[in-house]
Amino acid sequence: MQVQRVVLNSRPGKNGAPVPENFRLEETTLVPDLKDGEVLVRTLYLSVDPYMRCRMNEDTGVDYVAPWQLFESVDGGGVGVVESSRCTTCSEGGVVTSFNWPWQTYAVMKGSVLQKVDPQLVDGHLSYFLGAVGMTGLTALLGVREKGNVIQGANQTMVVSGAAGACGSIAGQFGRLDGCVRVVGICGSDEKCRALVDDLGFSAAINYRKEDVPTRLKEHCPHGIDVYFDNVGGAISDTVITQMNKGSHVILCGQISQYNKDVPYPPPLSEEIQETLQRKNITRERFMVLNYMHKAEAALCELSQRVKAGQINVLETVVNGIENMGDAFCSMMKGGNIGKQIIKISE
């Protein structure tokens, strides 16, 4: 059968932003001659995520994700349907997902790397398994719960950077649900600001491209900041940290503003910010969702229930066609998406 796939065509230059030309669409022939334990899947949806930028380098800088290999199929979060199976745990017609799904229209995969999912958990919105009711939702929920120290009735204020992205948009909603009286989002456009306040229930939103962030933070957080869900790092995070209260908490989830730079992860902080953290006894601990997978089943159940009940609203930016994977990835890295960036591959 004829299959389209996306390969890594080149790596970005040192300290360079990725460009669509780093990826190449290929036509190839797939012989679905299944061995025991294998399945043929048809891809429905693929995900692009900020962490993938480090996979474009020869060395990812972390030990839990491997670099993409040049001229080989790229992979990431995906969901699809089983077309044929020689695996006892995957039946034909079943919906499955994987964190390492090849960017192909069809693929032969080992059943052992696939997770069966129930479409009813997302009311048939299968792309949600890559976002709100998948690894992204887990990161948001468990990040807030494990590192945020949100306490009902404690009159806390939360700030979320990258707030209109896949993770930040859900993290802010959980901050509100778990008891923060004020949740302020920082994002990069007026449209995103409106979505945060009108669609997701944030108390306020700041457009960092147009507004003076320190001044606006003082206005929206008159009693200081108690919890900071950090998706971006860099100057914005420095600004937030300087306005945090004593004994407050930084949830270090991502540092997207630094991903194109040749620096270690997490990137080093200035002496001034390190002094602020120490003087105010602010905890700033790196959060890795993979360390909490023993809590994933219960958390996914809660995410499903809250999404279905309308307590968590889901934002997505959907692009059609595997030929647009590179464009969608580069757009996401520049903040071109609202909510989760999804690529629809087939019906």
Item to check | Aromatic contact, Tyr51 with Phe329 (centres under 6.0 Å) | outcome: no
Item to check | Atom CG of Asp33 with >12 non-hydrogen neighbours under 6.0 angstrom | outcome: no
Checklist entry - Does the side chain of Gln104 come under 3.5 Å of the side chain of Arg5 through a donor N or O and an acceptor N or O? => result no
Next on the checklist: I'd like to know whether CD of Glu191 has more than 12 heavy-atom contacts from other residues, nucleotides or ligands below 6.0 angstrom.
Outcome noted: no
Checklist entry - Under 4.5 Å between any side-chain heavy atoms of Val160 and Ile186, yes or no? => result no
Checklist entry - For Val108, what are the other residues in its hydrophobic cluster, where any two members join if their side-chain heavy atoms are less than 4.5 angstrom apart? => result Met1, Val3, Leu30, Leu34, Leu40, Tyr106
Checklist entry - Hey, mind stepping through Ser85 and Ser91 against side chain to side chain contact (heavy atoms under 4.5 Å, CB included) and telling me if it holds? => result CA-CA 6 Å; Ser85 173; Ser91 54; over 6 Å; no
Checklist entry - Tell me, which pairs form a salt bridge (Lys or Arg N to Asp or Glu O under 4.0 Å) where one or both residues lie in residues 83-98, sequence neighbours left out? => result Asp36-Arg86, Arg42-Glu83
Next on the checklist: Between Tyr292 and Phe287 (judged by ring centroids, cut-off 6.0 Å), do the two rings come close enough to count as a pair?
Outcome noted: yes
Checklist entry - How far apart are the C-alpha atoms of Ser10 and Asn22, what are their side-chain angles, what is the distance that settles it, and do they pass the side chain to side chain donor-acceptor pair (under 3.5 Å) test? => result CA-CA 5 Å; Ser10 59; Asn22 293 138; 2.9 Å; yes
Checklist entry - Hey, what else clusters with Val7 if you join Ile, Leu, Val, Met, Phe, Trp, Tyr whenever side-chain heavy atoms sit under 4.5 Å? => result none
Checklist entry - Side chains of Ser237 and Tyr228: do they bring a donor and an acceptor to under 3.5 Å? => result yes
Item to check | side chain to side chain donor-acceptor pair (under 3.5 Å) between Trp103 and Ser73, worked out | outcome: CA-CA 6 Å; Trp103 288 9; Ser73 187; over 6 Å; no
